[in-house]
Amino acid sequence: MFSPPDPRTYNQIIYAVVRQIPPGRASSYGQIASMIPPPAGVEPPAYRRLSPRWVGTAMRNCPDDVPWFRVLNSRGTISLPAGSPAAHEQRARLEAEGVVFDENGRVDWAVAGWDGPDDEWLRARGLFPPRPLKKPKRG
DNA sequence: CGTTTGACTACGC
DNA sequence: CGCGTAGCCAAAC
């Protein structure tokens, strides 16, 4: 009847979306999740999207060609453990693309945020337009 | 196979 | 802004 949820398939969708983030831009776990419908077989409220946690889990060990470092948390900061080599790498790779972090280690979504893929790209894959990134106060 | 863990978020105070 | 709480759900243990 229902197909069981297939995490592998869903990870591929997540990776496909993340691969669309252009250099010099960044997205958030929640924004990525907001484009992806729930797995088939799950009885969801129509409004619910993929859990942002799933996106984070998918980033943990992703293929080399996925620009995982362009995904930040909803506040625009790095979610990897502060001071860890991985967190340092993420910041370095973003800065190498011209992304600027403020004194609080936060990127300005208005500058480096991403609007999501083209509508046609989304429509072709049955995905939703992304929820806008939360705008931090005073910049 | 039950329990705990996390690269999450929204919301309340 | 900072801290706590409640949902979240695949993975790891």
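Computation of the quantities below employed the complete heavy-atom set of this structure, encompassing side-chain atoms and omitting hydrogens, waters and symmetry-equivalent molecules. Labels below follow one simple rule: chain letters A, B, ... track the order of the sequence lines, proteins then strands, and each chain is numbered from 1. Note that this is a predicted model, so its numbers are computed, not measured.
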**Study point:** Pair A/Glu97 + A/Arg93: basic N to acidic O under 4.0 Å
**Key:** no
Exercise for review: Rounded to whole angstrom, note down the P distance from B/dA7 over to C/dG7.
Suggested key: 22 Å
Gap separating the [atom1] atom of [X] from the [atom2] atom of [Y], nearest 0.5 angstrom:
| X | Y | atom1 | atom2 | answer |
| --- | --- | --- | --- | --- |
| A/Met59 | A/Trp54 | CE | CH2 | 12.5 Å |
| A/Ile78 | A/Leu94 | CD1 | CG | 6.5 Å |
| A/Gln31 | A/Leu72 | CD | CG | 10.5 Å |
| A/Ile36 | A/Leu127 | CD1 | CG | 6.0 Å |

Study note, to complete from the structure: Ranking A/Asn73 and A/Thr57 by the position along DNA chain B of their nearest nucleotide, the one closer to 5' is A/Thr57
Quick check on [N]: is either OP1 or OP2 less than 4.0 Å from any side-chain nitrogen or oxygen of [X]?
| X | N | result |
| --- | --- | --- |
| A/Arg131 | B/dA10 | yes |
| A/Arg106 | C/dC1 | yes |
| A/Asn11 | C/dA11 | yes |
| A/Ser74 | B/dT9 | yes |

How far apart are the closest heavy atoms of [X] and [Y], and which atoms are they?
| X | Y | value |
| --- | --- | --- |
| A/Pro130 | A/Ser34 | CA-OG, 3.5 Å |
| A/Gly76 | A/Trp109 | CA-CZ2, 3.4 Å |
| A/Met35 | A/Pro129 | CG-C, 4.4 Å |
| A/Thr77 | A/Gly105 | CG2-O, 3.5 Å |

Could you identify which residues of [range] place a heavy atom less than 4.0 Å from some atom of DNA chain B, listed by residue number, or say none?
| range | value |
| --- | --- |
| residues 59-71 of chain A | A/Met59, A/Arg60, A/Trp68 |
| residues 77-85 of chain A | A/Ser79, A/Leu80 |
| residues 20-32 of chain A | A/Ser28, A/Tyr29, A/Gly30 |

Spacing between [X] atom [atom1] and [N] atom [atom2], to the nearest angstrom:
| X | N | atom1 | atom2 | answer |
| --- | --- | --- | --- | --- |
| A/Arg49 | C/dG7 | CZ | C1' | 17 Å |
| A/Trp54 | C/dA12 | CH2 | C1' | 16 Å |
| A/Leu94 | B/dA7 | CG | C1' | 13 Å |
| A/His88 | B/dA7 | NE2 | P | 18 Å |
| A/Arg53 | B/dA10 | CZ | P | 13 Å |
| A/Arg75 | B/dA7 | CZ | P | 14 Å |

**Study point:** First encountered from the 5' end of DNA chain C, between A/Asn104 and A/Pro52
**Key:** A/Asn104
Check your understanding: Taking the six-membered ring of A/Trp121, is NZ or CZ of A/Arg123 closer than 6.0 Å to its centre and within 45° of its axis?
Key -> no
Check your understanding: Between A/Arg91 and A/Phe101, is NZ or CZ placed under 6.0 angstrom from the six-membered ring centre and within 45° of the ring axis?
Key -> yes
Practice item. Take A/Arg53 and A/Ser51 through the side-chain hydrogen bond (donor to acceptor under 3.5 Å, both in side chains) test and state the conclusion after the steps. Key: CA-CA 5 Å; A/Arg53 273 204 190 277; A/Ser51 165; 5.9 Å; no
